[in-house]
*Asks:* 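Sending over a structure as structure tokens; questions will come in a sec.
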2 protein chains.
Amino acid sequence: MGGRMGGFFAGRTLVDLGHALRNGDESATGLVRRALESIDADRNADPTLNAFVTVDREGAEAAARRADAELASGVDRGPLHGVPVAVKDIIDVAGLPTGMGSAHFTGHVAETDAACVTMLRDAGAVIVGKTGTHEFAYGGTGDVSVNGPVRNPHDRERMSGGSSAGSAAAVAAGMVPLALGTDTGGSVRIPAAFCGIAGFKPAFDVLPTGGVFPLAASFDHVGLLAGSADDCRIAYQALTGLAEAAPSPVDGGAGPGGAPSVGWIEPLVADPEVVRVVRAAFPDAPSERLDLDEIRRVFRAIQESEAYDVHAERVEKAPELYQRVTLERLEQSARTPGWRFVRAVRARERIAREVAELLERYDLLALPTLPITAPRIGETEGPFGPHIPMLVSLTCPFNLVGLPALSVPVGTVHGMPVGAQLVTRRGAENILFEAAARLTDGRPG
Amino acid sequence: MGGRMGGFFAGRTLVDLGHALRNGDESATGLVRRALESIDADRNADPTLNAFVTVDREGAEAAARRADAELASGVDRGPLHGVPVAVKDIIDVAGLPTGMGSAHFTGHVAETDAACVTMLRDAGAVIVGKTGTHEFAYGGTGDVSVNGPVRNPHDRERMSGGSSAGSAAAVAAGMVPLALGTDTGGSVRIPAAFCGIAGFKPAFDVLPTGGVFPLAASFDHVGLLAGSADDCRIAYQALTGLAEAAPSPVDGGAGPGGAPSVGWIEPLVADPEVVRVVRAAFPDAPSERLDLDEIRRVFRAIQESEAYDVHAERVEKAPELYQRVTLERLEQSARTPGWRFVRAVRARERIAREVAELLERYDLLALPTLPITAPRIGETEGPFGPHIPMLVSLTCPFNLVGLPALSVPVGTVHGMPVGAQLVTRRGAENILFEAAARLTDGRPG
């Protein structure tokens, strides 16, 4: 595991960086240089993490100079001002290629910024480049892409997880303190958990998806990857203007010392070691059940129908440009019948009510982010079953119902990071972030 | 064509009946007796029209006695008070069988009234029985049912049209002055046009569908069949409380003499004689185009997916109970892919905007209700193509977009009735009824 967390930003929080920028210890141009050095250092490693597919040296340096000039003249855009950020390669950044991890988009350059990128720039962030994505974001492994696999900083023979693979690896390796990802079934939280960082998927539609290549419009979310839950909170607040309001736990829900009440969702199929480590972080949480098997089927019927709608013409005209695994998934997606979609939409409404009822009784729901630790690159099946359905099994429920969900590291199993997932109701994000910060503070090491 | 329009109610309007009931020339019990006599007379005909599948003599007579008692005591429920009405056999009437035209529901008796039946009863109507439906309302011919074909009063070797087959035949033959039907792709307007009566499909969701067996929930409408457009208006107003407000034509849209402006929608494939007769009723209407071919494909993708959702378990467990044609349609419906459904839902929104734009320029849109006259019973294809897609081609657009649409008789071709279809925006129903009444007044004979 040598070299992991080796980048400049490892262990440096947004608060640290903000202080350094404002007391003159650092400059935005200096931070960009640190980011580029960390990226370059890894590019020369063998094997490289392969986190970035495009690095925009000139654009980043120019943006950093502007950020420095603004700060010098008294214009302060807040906690992301002058902070280097990486952007997943299905999100448009004007003037840079958007490759989607696919040969279909070789040479494709975005003309305008995605709406979420505009928000980043307005908050003063400095975009350093585009990070590798699972092809068209249609997969949770991160090793299926025309750009090759993204590797896990904790073990380069293992998957980063995906689909926001490079964003997670770049943050975990300390190349940048913050990255944008997207999450349709878990694509922010999965690689965050596998790579030992924090990943936050806001409530549906809070961060706009304009300029983001769609996977399944009903479930597509823009999300954030950072070193800690608190950095996710700071970035989320900076982008959305969410006030740092005092959390308001549910009536009678607050535990001892005003701590929020937590309900534990029992995973269906999982590595018992992973479950044990995550469960230990919530020793007092009563066990609750969701029909995770049904939820996954409902999620899948909608996702497959919407995904094939996006790709039908490409599959027809140029199937050979897809990675084999992606083409197979799309061909299977084409076969989901319409009546199953109709049923799934109806079931979704019922499931949303069931989850909402749980969140009337608890401030938070807790469960593992993933049922396993990161598998080896290229592996499609492990001791607990095939990866494709399993990787999203604990994250996709909260895309189906569109609730805020956060993955935070809570320990290791077999030497690899394990993430706990916290879920709350829309509008209660502060409770989520506060509980996660407490969780991380309290963990050993 | 001997014997057609032979029933008591032929040529008697709701206004006529209302006067007779209130001046003592008729009683509700007398009207029920007239209805039952007309029904019985046809039952003994060879071949029978086969309009009714259940006749509720006792229930109808009891309801009529109550209606008479109420009127005598000064309780007047309005224009439907004491009026005999027939109800399509996919609509629940408490205590009577709801057969759906299918062996799947042999012996099935409804426990409660459908919401629209409750509205009928509250308006004082007397329900005399249930009328034959195309099996599960999934077809426009009216000759596919465990109860056998419903025949056209204008030529008993020809189809009534469907799926509200018996409701149209019963009104056209003068057995009742009014009937309830349902219309998912044209199932009120099609048999109304084939049988030479008026049929009105209100805007989506105006008449409730609770207690009506679903065909495709996005498109299912309850509608009205009567001898004239004016009777449809009277019944619609009685059920919904729609005020007899002065029509308000679109700005600058009113033609000479304050007549509403009309845009003509050109049919795609149609018997030119049918088009000529209907077009002659709107000589000054400018021609407009809708992509009727695309609209039918979009309609079909949604209808098939929703219909198979309703039937999946029945097809799996007891396919042999379906009529062969229905089973084939359902098996085909099962194969509509989910991604086509997703695309159709998106296309529907665009099409709704296109139609709404036309209705910003015109008070009304006019087109034939059907591209052909009633084919022979059992025929599946004619000189203008296969019947299944063709029969709904001009009616389904207004299920897709949920607008009020009315079919009124405007003449005959090959000796069979031809209907004109008028469409308007939600809330402008009075313009529609007034234009239709004027149209009917003006036609020869």
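Quick note on labels: first sequence line is chain A, next is B, and so on, each numbered from 1. What's counted below: heavy atoms across the whole structure, side chains too, no hydrogens, waters or symmetry copies.
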*Asks:* Can you confirm whether more than 12 heavy atoms, excluding those of B:Glu316, are under 6.0 Å from its CD atom?
*Replies:* no
*Asks:* For B:Glu111, look at atom CD and say whether over 12 heavy atoms of other residues, nucleotides or ligands are found less than 6.0 Å away.
*Replies:* no
*Asks:* Kindly check if the number of other-residue, nucleotide or ligand heavy atoms within 6.0 Å of CZ (B:Arg350) is above 12?
*Replies:* yes
*Asks:* Output the option from B:Ala307, B:Ala344, B:Ala312 having the highest count of non-hydrogen pairs under 4.5 Å with chain A.
*Replies:* B:Ala312
*Asks:* Let me see the working for A:Arg340 and B:Glu306 under salt bridge (charged side-chain N to carboxylate O under 4.0 Å, His left out), right down to the final yes or no.
*Replies:* CA-CA 9 Å; A:Arg340 293 250 179 230; B:Glu306 294 188 341; over 6 Å; no
*Asks:* Report, in residue-number order, which members of residues 331-339 of chain B are under 4.5 Å from chain A by heavy-atom distance.
*Replies:* B:Ala334, B:Thr336, B:Pro337, B:Gly338, B:Trp339
*Asks:* Consider side chain to side chain contact (heavy atoms under 4.5 Å, CB included). Of A:Val342, A:Asp309, A:Val345, which one does B:Phe341 pass it with?
*Replies:* A:Val342
